[in-house]
Each structure stands twice: as C-alpha cells, then as structure tokens.
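Counting convention: from 1, in listed order, for ligands and their atoms alike.
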Amino acid sequence: MTTLDFDIQLSDHRVTPAERERLLAAPGFGQVFTDHMISIRWTEDRGWHDARLQPYGPLTLDPATAVFHYGQELFEGLKAYRRADGTIVTFRPYANAARFNRSCARMAMPSLPEDAFVRALELLVSTEHEWVPTAPGHSLYLRPFVIATQRGLGVNSPSNSYQFLVIASPSAAYFTGGVKPVSVWLSKDYTRAAPGGTGAAKCGGNYAGSFVAQAQAVREGCDQVVWLDAHEHRWVEEMGGMNLFFVYGSGADARLMTPALTGTLLPGITRDSLLTLAPDLGIPTEEGRISIEEWQAGNASGELSEVFACGTAAVITPVGRVKGPDGEWLVGSGEPGAVTMRLRQELVGIQYGERPDPYGWIHKIA
Ligand SMILES: *Cc1c(COP(=O)(O)O)cnc(C)c1O
C-alpha cells in the first residue's frame with residue numbers, strides 16, 4: 001500500500017456555530033471533541049485499509065476484544081495552532097509519526113506509514129478548521145491512537161487486527177493567569193518503567209500503572225509525581241507525563257541538563273526541540289543524570305538554579321518545590337526562573353509564528 005484513500009462521511013448532526021462558540025469559550029483540556037474522527041483498520045491479509053473520516057461517536061466492540069484484556073494500545077499527542085494570520089499549523093508531526101511507529105514496534109503492532117499518519121491529521125484538522133481556537137495560547141489537541149481489535153482471550157500472540165483512530169479536542173491554554181510552578185513528589189514506592197519494559201513507548205499501560213503514585217503525590221500535598229529509576233530509586237527520570245530539565249548556573253553561564261534516554265524514559269518531542277533550540281540561544285545542553293541527593297544539594301548550594309518539565313500539553317512547566325520521603329526543599333526561590341521562561345517564550349513563539357522557524361518544525365495545514 002503506498003497511498004490510502006480516505007472515504008469522507010460528513011456528520012449530519014454537527015453542533016451549531018453558536019454551540020461551538022460556546023464550547024470554544026472555555027474548552028478546558030480533553031473535555032470537548034469535534035464533529036468528526038479518523039479511522040483506519042488493519043488486518044493481516046489486507047494491511048491498512050478502510051481509511052475514513054467519519055462522524056465522531058462511540059465504537060462498538062465485542063467484550064472479548066483484545067485491547068480490553070491485555071492493554072495492547074498506544075497513543076500520540078500533538079496540537080494544531082491557529083496563528084495571528086489565520087493559518088493553521090502543527091508542530092513536527094513527522095516526529096510524532098516516527099515515535100508512533102517506534103511504540104508500535106515495542107508493542108508488537110503493525111507500523112503505519114508516516115505519510116498516512118500525517119495525512120490523517122491534515123484531513124481531520126482541515127475538516128475541523130472551525131474548531132481550532134483563536135484565543136491566545138489555545139489549540140486543537142490531536143490524539144492519534146491504535147487499539148488491538150481481535151476478538152478472543154488468547155494471550156500467546158498479539159492481535160491479528162487493529163484500528164487506528166484520531167480524535168481532536170479544542171483546548172485552553174494550560175496556564176490561565178500566568179505560568180505557575182508545580183510541586184513534585186519523589187516516588188520511591190512505585191516505579192513507572194524498568195529496563196527492558198515499555199517506558200519508551202507511549203502506551204496507555206504506562207499511565208494505568210501511574211495513577212496510584214499520582215494519587216500518593218496529591219495526598220502528600222504535591223501536584224505531580226517524579227519517577228525515579230527502578231533499580232536504586234535515586235536517579236531522576238520524568239515528571240508525570242513530561243520530561244525534566246535542570247538549569248545549572250544563571251545568566252550567561254546557564255547550562256541545561258536533561259536525563260539521558262536510557263530506554264525507561266519517554267523520548268519527548270518537546271525535550272528534543274529544546275535540546276536543539278537552547279544551544280542556538282547560547283545555552284549549552286547535556287544529556288546526563290542526576291540523583292535526588294544531587295538535586296537537593298544543588299538547590300541548597302545554588303549551583304542548580306531552575307528545574308522545569310516539558311511536554312506538548314503544557315509546553316514548559318516550572319518546578320517550584322520538591323518533596324520526598326526524606327525531606328522537602330524549594331527550587332531557587334520557588335518562582336519561575338529566567339531560563340525556563342525564555343525557553344518557553346521561544347518555543348511558543350515558533351509554534352504560533354511570532355518567531356522564525358529555522359528548523360523546519362512547522363507543518364502548515366490550512
Ligand atoms: C508524551 C509524554 C512526554 C512528552 O512528550 P512530548 O512529545 O514532548 O509531548 C513525556 N513523558 C511521557 C511519559 C509522555 O507520555
């Protein structure tokens with residue numbers, strides 16, 4: 001299969017323009033969905049086929065469908081942005097397509113040609129262009145995902161059929177009324193991923209296992225959980241569904257360190273973009289490692305000036321306070337740092353077209 005022809009089935013019960021405006025006024029995150037979705041099916045004999053744009057709505061699946069029992073599922077997340085000139089763009093969609101296929105390989109699922117992945121996004125976004133918000137910092141969040149659809153409880157082999165879908169959700173700016181630092185809980189009781197496991201794949205199962213730790217973080221008075229390595233419970237890996245960056249020094253001497261991709265971390269596209277962007281702003285970067293003892297000592301001595309998390313949904317989120325079973329401390333003054341805010345402004349600037357795009361990251365859709 002070289003190209004997929006999408007069958008277009010437009011909804012005859014789209015929400016009215018007035019209702020859409022009402023929903024777009026305060027969409028929240030991941031609560032409101034557009035009128036249509038993408039579906040593409042895969043079977044062993046036909047490969048990817050039956051590609052369509054169809055009305056958004058429930059799926060009908062047999063209770064014995066594989067995804068419900070063994071969790072063979074994975075997803076992606078990216079955004080479509082409306083710029084001041086009215087055009088609609090996405091950010092590095094081919095990077096999401098490539099990561100999607102790396103996740104597929106880990107989960108024993110068939111890969112989807114990158115062009116078909118991006119074409120699906122383009123078709124959905126151009127159909128739903130009226131759902132791409134105009135308010136500053138708002139966007140249309142795109143959620144591609146794939147599920148195992150074989151019926152049966154056999155556990156010895158991967159599913160022999162799959163369904164790929166893309167849904168779209170208008171979303172408000174993550175921070176309303178200014179960027180607010182989060183507090184984090186260092187999870188020593190639970191681990192997110194172990195060597196050889198699925199930590200580098202964007203699969204739902206990684207999240208299913210994380211909610212109990214997130215609930216513990218909240219009980220400890222923190223916003224988010226920080227994951228440590230599975231072996232020693234010392235080496236910092238990620239924060240919730242975001243990658244972490246550590247800023248050493250300040251001003252002209254500032255440099256960035258982010259935990260290396262050991263196989264247990266999710267390779268974030270925001271992380272990768274910052275590793276590319278920062279050196280061009282005069283901020284050297286390094287992929288390394290940091291223990292929780294080094295984190296605490298670095299903040300105490302002032303050598304470690306800022307810490308932030310990054311990911312598509314919230315872009316860049318400062319970390320203000322750290323708490324673990326053995327103590328609690330502030331990062332810098334607990335307020336957003338200068339390097340954090342500068343990187344955030346640069347990245348958001350490229351996405352919304354207020355800054356040039358020297359890296360070719362912007363993919364125009366409409
Ligand atoms: C999606 C995700 C990230 C961030 O990836 P981006 O491509 O930057 O959005 C980080 N960690 C986890 C666990 C994730 O699922």
Side-chain angles (χ1 to χ4, degrees), residues 29-30 71 73-81 90-104 106-107 114 117-118 121 139-146 166 169 171 174 182 184 187 190-194 197-214 217 223-230 235-246 256 258-278 285 287 307-317 319 340 343-344 346-348 350-351 359 361-363:
F29 181 83
E73 181 272 357
L74 57 89
F75 65 94
E76 271 300 326
L78 71 164
K79 289 171 169 176
Y81 308 88
T90 54
F91 184 73
R92 304 188 69 185
Y94 282 94
N96 291 90
R99 183 172 67 190
F100 180 80
N101 282 333
R102 290 196 303 273
S103 297
C104 286
R106 178 62 184 84
M107 303 299 285
E114 289 184 11
F117 181 97
V118 174
L121 301 176
S139 60
L140 184 65
Y141 183 78
L142 305 173
R143 169 54 60 90
F145 63 108
V146 59
V166 189
S169 176
S171 297
Y174 194 85
V182 294
V184 297
S187 179
Y190 303 104
T191 42
R192 173 183 172 275
T198 58
K202 214 168 168 70
C203 61
N206 290 340
Y207 280 80
S210 77
F211 297 128
V212 65
Q214 174 63 26
D223 301 306
Q224 291 284 338
V225 58
V226 162
W227 301 109
L228 306 172
D229 74 290
W235 304 101
V236 176
E237 299 208 324
E238 296 191 59
M239 180 192 94
M242 301 175 82
N243 295 114
L244 282 167
F245 275 85
F246 295 81
L256 281 179
T258 190
L261 300 177
T262 56
T264 53
L265 280 74
L266 197 289
I269 293 161
T270 318
R271 174 190 182 278
D272 183 74
S273 304
L274 291 172
L275 286 174
T276 304
L277 189 66
T285 62
E287 295 176 86
V307 179
F308 65 83
C310 67
T312 296
V315 195
I316 288 182
T317 304
V319 175
T340 301
L343 290 168
R344 184 182 162 80
E346 287 291 334
L347 192 56
V348 171
I350 292 173
Q351 290 167 340
Y359 315 103
W361 285 340
I362 295 305
H363 183 86

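Nearest-residue assignment for atom 10 (C) of ligand 1 (options Gly204, Ala201, Cys203, Gly241; heavy-atom criterion): Gly241. Looking at Gly311, Gly268, Gly77, Ala314, it is Gly268 that brings a heavy atom closest to atom 5 (O) of ligand 1.
In this structure, Gln351 contributes its side chain and Thr90 its backbone to no donor-acceptor pair below 3.5 Å. Listed for the Ser103 side chain is a donor-acceptor partner under 3.5 Å among the backbone atoms of Lys202.
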(request) Take Val226 and Val319 through the test side-chain contact (heavy atoms from CB on, under 4.5 Å) and record every step on the way to the result. (result) CA-CA 11 Å; Val226 162; Val319 175; over 6 Å; no
(message) The test is side-chain contact (heavy atoms from CB on, under 4.5 Å); show your working for Val118 and Tyr94 and say whether it passes.
(response) CA-CA 7 Å; Val118 174; Tyr94 282 94; 3.7 Å; yes
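Each of Tyr207, Phe100, Phe145, Tyr141 was compared with Phe75 under the ring pair (Phe, Tyr, Trp, His ring centres under 6.0 Å) criterion, and only Tyr207 meets it. Screening Asn243, Leu244, Leu274 for a side chain to side chain contact (heavy atoms under 4.5 Å, CB included) involving Phe308 leaves a single residue, Leu274.
Proximity of Met242 to ligand 1, defined as any heavy-atom pair under 4.0 Å, is confined to the backbone N, CA, C and O atoms.
Ligand 1 has an N or O atom lying under 3.5 Å from an N or O atom of Thr270, backbone or side chain.
Ion pairing between Arg192 and Glu237 fails under the 4.0 Å rule for side-chain N and carboxylate O.
Which parts of ligand 1 touch Arg99 is read off a 4.0 Å heavy-atom cut-off, strictly below it: atoms 5 (O), 6 (P), 7 (O). Under a 4.0 Å criterion applied to the non-hydrogen atoms of Asn243, ligand 1 contributes the atoms 10 (C). For ligand 1, the atoms sitting less than 4.0 Å from at least one non-hydrogen atom of Tyr207 are 12 (C), 13 (C), 14 (C), 15 (O), numbered in the order shown with element in parentheses. Near Arg192, the atoms of ligand 1 lying under 4.0 angstrom from a non-hydrogen atom of the residue are 13 (C).
Taking a 4.0 Å cut-off on heavy atoms, Glu76 fails to register as neighbouring ligand 1.
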